[in-house]
Amino acid sequence: MTKEQVLLKMRSHTPFRQAVWKACMAIPAGQTRSYKWIAEQIGRPGAVRAVGSALGKNPFAPIVPCHRVIRSDGNPGGFSAPGGVKAKLKLLKKEKARLPGLLRQA
DNA sequence: CGTATGGCTCCTC
DNA sequence: CGAGGAGCCATAC
């Protein structure tokens with residue numbers, strides 16, 4: 001599954017989701033962004049929760065790095081994908097991403 | 001088709 | 001430090 005394939009399948013979903021997912025893909029590898037950051041990128045600064053919903057329903061788990069999206073506090077937040085927050089942290093550690101004030105274990 | 005409820009949140013009191 | 005409200009989208013009934 002390539003990014004272009006994902007972009008193509010996105011068209012079957014709502015434009016809002018597309019924007020959210022695209023913004024996620026725009027995050028540099030090994031780095032993290034906040035939900036608010038995504039919301040602002042898509043032009044919906046007040047739709048942080050909607051962004052979370054979109055990411056939670058993200059059908060393109062590995063292609064769209066929704067795990068790079070964390071809270072503004074630096075907390076990992078939540079993760080609906082299999083493995084939960086633990087998997088999220090695992091992926092971030094795998095990418096050598098540094099979280100501001102996150103538990104260094106698990 | 002319209003209404004009601006939930007969500008990986010954020011900000012202010 | 002803790003609790004509550006706000007504003008946005010998608011899904012289910």
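Chain A is the first sequence line, chain B the second, and so forth, proteins listed ahead of strands; every chain is numbered from 1. Note that these values count all heavy atoms, side chains included, but never hydrogens, waters or copies made by symmetry.
- Between A:G56 and A:S80 the shortest heavy-atom distance is O-CB, 4.1 Å.
- Across all strands, A:A47 comes closer than 4.0 Å only to sugar-phosphate atoms, never to a base (heavy-atom distances).
- For A:R17, the side-chain atoms get nearest to C:dT11 when compared with the rest of B:dC10, C:dT11, C:dC8.
- Expressed to the nearest 0.5 Å, how far NZ of A:K88 lies from CG of A:L92 amounts to 7.0 Å.
- Residue A:F16 contributes atom CZ, which lies 7 Å from atom C1' of C:dC8 at whole-angstrom precision.
- Legend: salt bridge (Lys or Arg N to Asp or Glu O under 4.0 Å) pairs involving residues 37-59 of chain A, not counting sequence neighbours, sorted by first then second residue: A:K36-A:E40.
- When both pairing distances are held under 3.5 Å, C:dG7 makes no Watson-Crick or G-U pair with any nucleotide shown.
- Between A:V51 and A:K57, it is A:V51 whose nearest contact on DNA chain C lies nearer the 5' terminus.
- The distance between atom NE2 of A:H13 and atom P of C:dA10, rounded to the nearest whole Å, is 11 Å.
- As judged by a 4.0 angstrom heavy-atom cut-off over every strand, A:K88 is placed among the base-contacting residues.
- The side chain of A:S72 places an N or O atom within less than 4.0 Å of a non-bridging phosphate oxygen (OP1 or OP2) of B:dC10.
- Within 4.0 Å (heavy atoms only), A:G56 reaches at least one base atom of the nucleic acid.
- Going from atom CD of A:E95 over to atom CG of A:L91 covers 6.5 Å, rounded to the nearest 0.5 Å.
- Rounding to whole angstrom units, CZ of residue A:R33 and C1' of B:dC10 are separated by 18 Å.
- At B:dC11, one or more side-chain N or O atoms of A:K36 fall inside 4.0 Å of OP1 or OP2 (strictly under the cut-off).
- The nearest whole Å value for the distance from the CZ atom in A:F79 to the P atom in B:dG7 is 17 Å.
- Atom CD of A:E40 and atom P of B:dC10 are 11 Å apart (whole Å).
- Listed nucleotides: C:dA10, B:dG7, B:dC10. Nearest to the side chain of A:T14: C:dA10.
- Between B:dG7 and A:R49, no contact under 4.0 Å exists linking OP1 or OP2 to a side-chain N or O.
- In this structure, the CH2 atom of A:W21 is 11 Å from the C1' atom of C:dA10, given to the nearest Å.
- B:dC10 atom P lies 18 Å from atom CZ of A:R44, rounded to whole Å.
- Atom CD1 of A:I42 and atom CD of A:Q18 lie 11.5 Å apart (nearest 0.5 Å).
- As a whole-Å value, the separation of A:W37 CH2 from B:dC10 P is 14 Å.
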